[in-house]
Every structure is written in structure tokens, then in C-alpha cells.
Amino acid sequence: MARPDDADDEEWTSIVFTYGVPFVGVLIVAVGIAAAVPGAYGIIQEDIADCGDPTIVVEGPEATAERFDGTPPGGVERLGFAELSNTEQAAFEEALADPIGEAHVRAPFPRYETFVNGTVVTYENEEYYATVVADNPCFETAALQFPLGVFAIALGIVGILTPPAYRKLVALERGLE
């Protein structure tokens with residue numbers, strides 16, 4: 001014969017397994033998604049984006065002359081196209097071919113500081129103003145962020161699936177009695 005305290009304990013256990021554990025499971029899944037998505041992006045970002053490759057803009061000779069009213073001021077450094085590194089030359093030519101004049105400089109970028117301040121590059125006897133418009137830094141994530149996020153999602157799913165498992169166990173237990 002069951003005592004009244006046993007019935008209260010059974011009801012309390014049923015409430016915890018029916019509502020409490022799935023609620024905690026949903027919270028853990030939410031935290032896991034919040035960790036796993038940026039963690040996954042951190043792993044694949046270099047393959048899908050240009051992180052770490054600064055973006056330069058190159059203005060044509062007319063825009064350059066208009067920008068400086070004909071002559072660049074003395075503070076603007078001048079470079080010859082031949083002085084640029086291979087990656088800088090490739091980006092410069094890519095920007096010239098681009099409709100909006102932008103290109104990414106794939107590392108190495110030895111004249112980065114010069115480009116950040118803006119420079120006039122002489123290319124085929126014409127002057128082009130070039131500058132860095134975006135650094136494109138990489139998104140940094142913790143090394144274990146993605147695997148821990150996936151683990152949290154799996155743990156949360158176990159919590160969500162606890163009520164049906166609990167009900168099956170209770171039904172089995174009652175069937176055995």
C-alpha cells in the first residue's frame with residue numbers, strides 16, 4: 001500500500017521529468033547552437049570569405065587628378081608599379097579590371113602601411129590613387145567552441161527526449177507489477 005508521501009514523490013518526479021528536464025534540454029540546445037554556429041564559421045571562414053586579405057580601391061587617372069586638384073600633396077607617397085610586390089601588383093591590376101575598382105591583396109602585403117595612408121601609383125605613365133578600404137580581419141573563435149556546441153546540442157536533445165522515455169519506463173514498470 002502506497003503512503004501519501006510516496007504519491008507526492010511520484011507526482012513530483014513526473015513533473016520534473018515531464019516539464020523540467022525538457023525545458024533544461026531546450027536551453028542547452030539553444031546554448032549549443034549559439035556556440036556551434038560561430039565555431040563552425042570560424043573553421044570554414046578562410047575557405048568561403050576573404051578574411052585576412054585587405055581590400056584596396058584604385059581610382060583611375062581622372063578621379064585621382066580630381067581628388068588632388070591636379071597634383072597630389074607632398075604627404076602622399078608615390079610608388080612606381082614595379083616597386084610593388086607580386087601580390088600587390090596582381091591586386092592593383094585586378095582592381096583596375098574591376099567595375100568598382102576593388103580587389104583583395106592576398107598575403108604578403110609589404111607596403112600595407114603605405115596603402116593604408118593612401119598612395120599614388122604610377123602605372124603605364126598615369127597616376128592612380130590607391131588605398132586600403134577594408135582590413136577584413138578573421139573572426140576568432142575558441143578551438144573547442146564548435147565541438148562543445150555540438151555536444152551541448154546532443155545533450156539538449158537527450159533532455160528533450162526524456163519525457164517519452166520516462167513514460168515508457170513507467171509503463172513498463174507498471175506492466176511488470
Side-chain angles (χ1 to χ4, degrees), residues 22-161:
F23 178 72
V24 172
V26 168
L27 293 177
I28 292 173
V29 167
V31 169
I33 290 171
V37 170
Y41 179 73
I43 293 171
I44 63 170
Q45 68 178 334
E46 291 181 20
D47 296 331
I48 64 170
D50 292 313
C51 78
D53 298 332
T55 303
I56 63 167
V57 166
V58 177
E59 295 179 353
E62 299 85 22
T64 301
E66 187 176 307
R67 170 184 287 276
F68 297 114
D69 289 330
T71 306
V76 176
E77 190 166 338
R78 293 171 176 266
L79 296 170
F81 184 74
E83 296 176 66
L84 303 177
S85 70
N86 290 340
T87 55
E88 293 166 341
Q89 287 179 352
F92 186 87
E93 289 178 329
E94 184 181 331
L96 289 178
D98 186 69
I100 57 173
E102 287 187 3
H104 299 283
V105 180
R106 315 281 185 237
F109 194 178
R111 298 200 189 281
Y112 174 79
E113 293 300 324
T114 303
F115 274 84
V116 165
N117 295 327
T119 184
V120 174
V121 177
T122 303
Y123 177 71
E124 295 179 352
N125 297 324
E126 294 193 273
E127 293 183 329
Y128 295 85
Y129 180 71
T131 189
V132 173
V133 292
D135 282 333
N136 303 324
C138 294
F139 179 71
E140 295 193 23
T141 59
L144 293 177
Q145 187 169 345
F146 178 68
L148 288 177
V150 170
F151 176 75
I153 291 169
L155 184 63
I157 289 172
V158 169
I160 292 169
L161 296 177

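No hydrogens, no waters, no symmetry mates; every other heavy atom, side chains included, goes into these values.
- Closest approach of Ala130 and Val58 over heavy atoms only: CB-CG2, 4.0 Å.
- Looking at Arg111 and Leu84, their side chains come closer than 4.5 Å, going by heavy atoms from C-beta outward.
- With a 4.5 Å cut-off on side-chain heavy atoms, Glu66 and Glu59 do not count as touching.
- Between the side chains of Asn136 and Thr55, at least one donor N or O sits under 3.5 Å from an acceptor N or O.
- Distance check: Ile33 CD1 to Ile28 CD1 gives 12.5 Å after rounding to the nearest 0.5 Å.
- For the residue pair Ser85 and Pro108, the shortest heavy atom distance occurs at OG-O, 4.1 Å.
- If you take CD on Glu83 and CD on Glu77, they are separated by 8.0 Å, rounding to the nearest 0.5 Å.
- Nearest heavy atoms, Gly52 versus Cys138: N-SG, 3.7 Å.
- Ring orientation note: the planes of Tyr129 and Phe68 are nearly perpendicular, at an angle over 60° on the 30°/60° scale.
- Closest non-hydrogen pair, Ala35 versus Gly149, comes out as CB-CA, 4.0 Å.
- Closest non-hydrogen pair, Ile153 versus Gly32, comes out as CG1-C, 3.7 Å.
- Distance CD1/Ile43 to CD1/Ile48: 11.5 Å, rounded to 0.5 Å.
- To the nearest 0.5 Å, the span separating CG on Asn117 from OH on Tyr112 amounts to 10.0 Å.
- Residues that satisfy the side chain to side chain contact (heavy atoms under 4.5 Å, CB included) test with Pro38, not counting sequence neighbours, are Phe139, Gln145.
- Taking each heavy atom of Ala91 and Ala103 in turn, the nearest pair found is O-CB, 3.2 Å.
- By the side chain to side chain contact (heavy atoms under 4.5 Å, CB included) test, Ala49 pairs with Tyr41, sequence neighbours left out.
- Between Phe146 and Thr141, every side-chain heavy-atom pair lies at or beyond the 4.5 Å cut-off.
- How far CZ of Arg106 is from CG of Asn86: 15.0 Å, rounded to the nearest 0.5 Å.
- Separation of atoms OG1 (Thr87) and NE2 (His104) is listed at 14.0 Å; rounding is to 0.5 Å.
- Sparse packing is recorded around CD of Glu46, with 12 or fewer heavy atoms of other residues, nucleotides or ligands lying under 6.0 Å away.
- The shortest side-chain heavy-atom distance between Phe109 and Val116 does not fall under the 4.5 Å cut-off.
- The closest side-chain heavy-atom distance from Val105 to Phe115 is not below 4.5 Å.
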